[in-house]
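What follows is a set of notes on a single structure, which appears directly below.
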Number of protein chains: 2
Amino acid sequence: MSFKKVRDAHKTENTEDYLEIIADLLNSKGEARIVDIANHLGIAQATANKTIRRLQYQGYIKKEPYRSIFLTLKGQELASISKKKHIIVLTFLKKLGLDSKTAEADAEGIEHHVSDKTLKKMEKFNKKN
Amino acid sequence: MSFKKVRDAHKTENTEDYLEIIADLLNSKGEARIVDIANHLGIAQATANKTIRRLQYQGYIKKEPYRSIFLTLKGQELASISKKKHIIVLTFLKKLGLDSKTAEADAEGIEHHVSDKTLKKMEKFNKKN
DNA sequence: TAAAAAGTATAGCTATGGCTACATTATAAT
DNA sequence: ATTATAATGTAGCCATAGCTATACTTTTTA
């Protein structure tokens, strides 16, 4: 029953991670390059390249060959939602008493599987603590 | 950095779901059949069949053609760990104030991405509330 | 017991995300 | 300006998890 939802989450999970990273890179460096994404994720550049191609034809990003990456409106929106979720979950885990490193690591995995209802409860908890 | 861990979790995630379901079926019905697993997961029987074949050559289960499924020791151990995690996360989400349905759905996705440290914190929270 | 139904298995397809090896283009350095 | 290096791109491989269609057993039922 719930498993379908989990599978659906998995489909967008990688996409969300990429968009979050791209948004962060655009903010910090002013540009997002494949090599940086690959380094952030700890994967081969060729793998990042392939996924970037997918993100492009799925309409999340725009890029010219050998040039850096930009987010489309669709991409920006998803990046923004992902970022918000990430912060809520991360803060929540820290307030629960976890060290930054563990909180960061777990948030990465958890953020894609948290419903809006649960996010609300986490926010509530964050405010109270 | 943390992304590698998430990817590793994904590799075992499906395996853990299958083993948990098989263990549950063995407990409730006395036997685990492919058709039941497929129904539980909401996937085609052929897909379940294929994964069951993988679980077999990976040493988690034993089965004869057209017969029901049994867990090996290795399979039992992983099923047991998964079950424990599931209960902790599920209880935690309920104590956080979520309804059973949401808690169940989210636990399904979250349980595979929770470190031991976080589980400990959740248990602590569960006892206090 | 023979036929129908249910369950299981297999083949072959798609998409994803890993990888390495190699080709190409851009950028930096000499 | 040419060359070396870095970045990007492409090809081709593997494994996973979905699917449908079809074949084969097993079980049920008439």
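A, B, ... follow the sequence lines: proteins, then strands. Residue 1 opens every chain. Please read these numbers as outputs of a predicted model, since none were measured by experiment.
Taking 4.5 Å as the limit, every side-chain heavy atom of B:Lys85 sits out of range of all side-chain heavy atoms of B:Val114. Residues B:Lys95 and B:Phe125 are in side-chain contact: their nearest non-hydrogen atoms beyond the backbone lie under 4.5 Å apart.
Scanning both residues, B:Thr102 and A:Ser115, for their nearest heavy atoms gives CG2-OG, 3.4 Å. Between B:Lys4 and A:Gly42 the shortest heavy-atom distance is CE-O, 3.7 Å. B:Gln76 approaches B:Leu71 most closely through the heavy-atom pair NE2-O, 3.4 Å.
Aromatic ring centres of B:His10 and B:His113 lie closer together than 6.0 Å.
Look at CD on A:Gln56: it is 13 Å from C1' on D:dT8, rounded to the nearest Å. Following rounding to the nearest Å, B:Asn49 (CG) and D:dT20 (C1') show an atom-to-atom distance of 14 Å.
Here CD of B:Glu108 is found 7.0 Å from CD of B:Glu20. Values are rounded to the nearest 0.5 Å. To the nearest 0.5 angstrom, B:Ser82 atom OG is 10.5 Å from B:Glu13 atom CD.
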Protein N or O to nucleotides 25-29 of chain D N or O, pairs below 3.5 Å:
from: D:dT25; atom 1: O4'; to: B:Tyr66; atom 2: OH; distance (Å): 3.4
from: D:dT27; atom 1: OP1; to: B:Arg67; atom 2: NH2; distance (Å): 3.4

Each nucleotide N or O in nucleotides 13-17 of chain D that has a protein N or O under 3.5 Å away: list the pair and distance.
from: D:dT16; atom 1: OP1; to: B:Gln58; atom 2: NE2; distance (Å): 3.4
from: D:dT16; atom 1: OP2; to: B:Tyr57; atom 2: OH; distance (Å): 3.2
from: D:dA17; atom 1: OP1; to: B:Asn14; atom 2: ND2; distance (Å): 2.9
from: D:dA17; atom 1: OP1; to: B:Arg54; atom 2: NH2; distance (Å): 3.1
from: D:dA17; atom 1: OP2; to: B:Arg54; atom 2: NE; distance (Å): 2.7
from: D:dA17; atom 1: OP2; to: B:Arg54; atom 2: NH2; distance (Å): 3.1
from: D:dA17; atom 1: O5'; to: B:Asn14; atom 2: ND2; distance (Å): 3.4

CA sep, side-chain torsions, deciding dist, call: A:Thr118, B:Asp106, side-chain hydrogen bond (donor to acceptor under 3.5 Å, both in side chains)
CA-CA 8 Å; A:Thr118 300; B:Asp106 283 21; 2.5 Å; yes
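For DNA chain C, the span of nucleotides reached by chain B at under 4.0 Å from its heavy atoms goes, 5' to 3', from C:dG7 to C:dG18.
The cationic atom of B:Lys74 (NZ for Lys, CZ for Arg) lies less than 6.0 Å from the six-membered ring centre of B:Tyr60 and within 45° of the ring axis.
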